[in-house]
Visitor: 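Could you have a look at this structure, given as structure tokens, before my questions?
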Amino acid sequence: MIRVLIAEDMHMIRSALVALLSLEDDMEVVAEIERGDEVLATALRVRPDVAVLDIDMPGLDGLSAAEQLSARLPDCRTLVLTGLSQPGNLLRALKVHVKGFIVKDAPAQTLTDGIRRIAAGERVIDPELVAAALETGSSPLTARETEVLRAAASGIRVAQIATQLSLSQTTVRNYLSNAIGKVGGRNRIDAIRISRDAGWL
Amino acid sequence: MALWRSDRAVRLTPVGAVACAGLLPLLQVALAFSYPDNDVRTGLWSLAVTVVYLPLHLRHVWYAARGVRLPAGGWTLAAMAVVIIAATPLAGNTWPRAYAGLAASAVLVLPGPWSFVLYLSLVIAAAPASLLLGLPWNAAPWLTLSVLTGSGAVLLLVWLSAALVRLQSARQVLAQRAVAQERRRIDDDLRRTLGAALESLAARGARAADLLQSPPGRRAELVAELSGLADDSRRTLAEARQRVRGYRRPSLRAELDTAATLLSAAGIETRLRLPRTGIPDTIAPEPRAALRAAVTRLLGSEGVSACTITAAVSTDGVRLEVRADGVAETIDVQTEGRP
């Protein structure tokens, strides 16, 4: 029996996923949660074999939750459900040892098969997502530029970013300017939009 | 370079031509006040006549510099000629320098041979006219040279500006044509592929609707039709995504770099070996699909630890070899665009 944890913030979709997996003879849904920051604590308590995580959740995004799971509960394999709109997320998912990366609108059979294969030790990556990631390309931003742009995306001012990241305001401006140039944005807002769409933030 | 590529620079060139064309007559007015044998009277005449003819001259330059046909150009040139020539006995012995503006306007307004005849006549007439007005004989050649260079500078600027404007408009036409061609190609492509698929979906939907009206005994048939419809819809959606991605055509180099990054992130130590001579810019849909399938397969394989992607240039294009743990797969990429 494969013990499955489901983390999805949209109630209707979460219920549908639970109902779908409950129909499978070899699967048991041991926990269903709606916030990303509850994933680790719940997983440590119920010890699932596979955690099915939505990529966008309140509290903590699915990939960060997967990173925490990988560090604290390596035996639990993660499968992330995502949209096609942010192909750059695949790279981040692979880096945090996500074992499955499936698009949300895939047939139900793909999800159940994916959970079985992941539980058996395989890696399941949707070919559509690989194609989209190859299409978009890897992020042109350095780790620091990504960090600064992500901070800017949260709406805080340059002075606050500088304090938060222990940098001078000039350095923050330089990083932002480099990031805007590298992603081909017209301004900071445009660069944040492009990077978000590509999944680089 | 960026300045000259910008549209703003092209928009400013006619203004530059007009500014230059306006500056030379003002210099002439200054001379009419200060040159030997000239006085306030000649200076005032020069100023008054310049105020009358200069707007006409600048109008000629403005239209020509933008490559636009000048309405009633012949009449305004005639008016300008009458004003300038009539002022010759009154505006001082350096006034024939103003023939430079008239000569330039003649070339800009009149057609073919007549414009050159008038131009040369004015340039040649400037020196004798000045001599008759009392200009020293040794100053006459300089006056002729001044008329030649003054009119030449204006004409050169106008020609340059008009050429830039024409170049910009040609570039816009080419860009519009390229966009129209691409739209047509995408339209044909969508009609041929997705259009047919959508028609088939509509037909299946209609058949399913018919089956709904039929007796309950045909329920199995209806279920089969509906599940077929769902499969077809999914296939069409996947095909639509592939098509949309196909229109973007990323470079082969970028695709290989990203493939190496993804594989490395998945824990597969990946090396990329590219020829020094470079690789084609673009990749055709078939080898691209093969490369993506190979990357997807490698990402899905848990046991693979190392991978080398080698690109070797051949006569027909490039041969890619994806070698993972001793197992190699080759993909031939036909040349679409050389680097």
Side-chain angles (χ1 to χ4, degrees), chain A residues 63 66-67 70 74 77 79 83-85 87-111 113-114 117-141 143 181-182 184 197-200, chain B residues 227 229-270 272 282-283 285 287-305 309 320 322 331:
Chain A
L63 292 178
E67 192 172 9
S70 163
R77 294 163 182 272
L79 185 152
L84 264 176
S85 57
N89 280 331
L90 175 58
L91 180 63
R92 207 179 139 213
L94 291 170
K95 280 181 179 166
V96 299
H97 309 293
V98 165
K99 295 295 175 187
F101 209 56
I102 292 177
V103 283
K104 279 183 179 172
D105 58 357
Q109 189 70 29
T110 306
L111 177 65
D113 285 351
R117 286 171 58 194
I118 286 168
E122 290 180 46
R123 195 190 282 125
V124 180
I125 309 290
D126 197 309
E128 288 278 322
L129 285 166
V130 176
L134 288 173
E135 177 72 44
T136 308
S138 49
S139 173
L141 305 173
K182 281 184 179 179
D197 287 352
W200 295 332
Chain B
S227 61
L229 182 62
D231 287 345
D232 281 359
S233 310
R234 217 165 271 132
R235 206 174 304 121
T236 308
L237 182 63
E239 198 183 329
R241 281 180 184 146
Q242 279 165 5
R243 296 249 155 229
V244 169
R245 273 203 300 273
Y247 293 137
R248 282 193 235 150
R249 301 169 81 88
S251 80
L252 174 57
R253 175 64 202 255
E255 196 137 344
L256 289 176
D257 280 340
T258 311
T261 310
L262 286 177
L263 291 170
S264 300
I268 302 169
E269 195 184 320
T270 306
L272 203 56
T282 54
I283 179 168
R288 182 192 288 152
L291 176 66
R292 289 176 177 182
V295 173
T296 307
R297 203 166 42 252
L298 285 173
L299 286 174
S301 333
E302 192 61 8
V304 179
S305 60
I309 302 174
L320 295 174
V322 182
I331 301 161

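Residue numbers begin at 1 in each chain, while the letters A, B, ... track the order of the sequences.
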Visitor: Mind checking what makes side chain to side chain donor-acceptor pair (under 3.5 Å) contact with A/Glu122, not counting sequence neighbours?
Guide: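 By the side chain to side chain donor-acceptor pair (under 3.5 Å) rule, A/Glu122 matches A/Arg117.
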Visitor: Is chain A contacted by the side chain of B/Ser264, its backbone, both, or neither, given a heavy-atom distance below 4.5 Å?
Guide: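 Neither part; nothing is under 4.5 Å.
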Visitor: Are side-chain heavy atoms of A/Leu129 and A/Asn89 found at a separation under 4.5 Å?
Guide: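 No. Closest side-chain heavy atoms not under 4.5 Å.
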Visitor: Among the options B/Ala266, B/Ala259, B/Ala230, pick out the one with the most heavy-atom pairs lying under 4.5 Å from chain A.
Guide: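 Top count of heavy-atom pairs under 4.5 Å with chain A: B/Ala266.
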Visitor: For residues 91-102 of chain A, please give each side-chain donor-acceptor pair under 3.5 Å, one per line with the distance, not counting sequence neighbours.
Guide:
residue, atom, partner, partner atom, Å
A/Arg92, NH2, A/Ser64, OG, 2.9
A/Lys99, NZ, B/Glu302, OE2, 3.3

Visitor: Please classify the contact between B/Leu298 and chain A as side chain, backbone, both or neither, with a heavy-atom cut-off of under 4.5 Å.
Guide: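 Only the backbone of B/Leu298 comes within 4.5 Å of chain A.
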Visitor: Work out which heavy atom in A/Leu90 is nearest to a heavy atom in A/Ala133; give both atom names and the distance.
Guide: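 Reported closest heavy-atom pair: CD2-CB, 3.8 Å.
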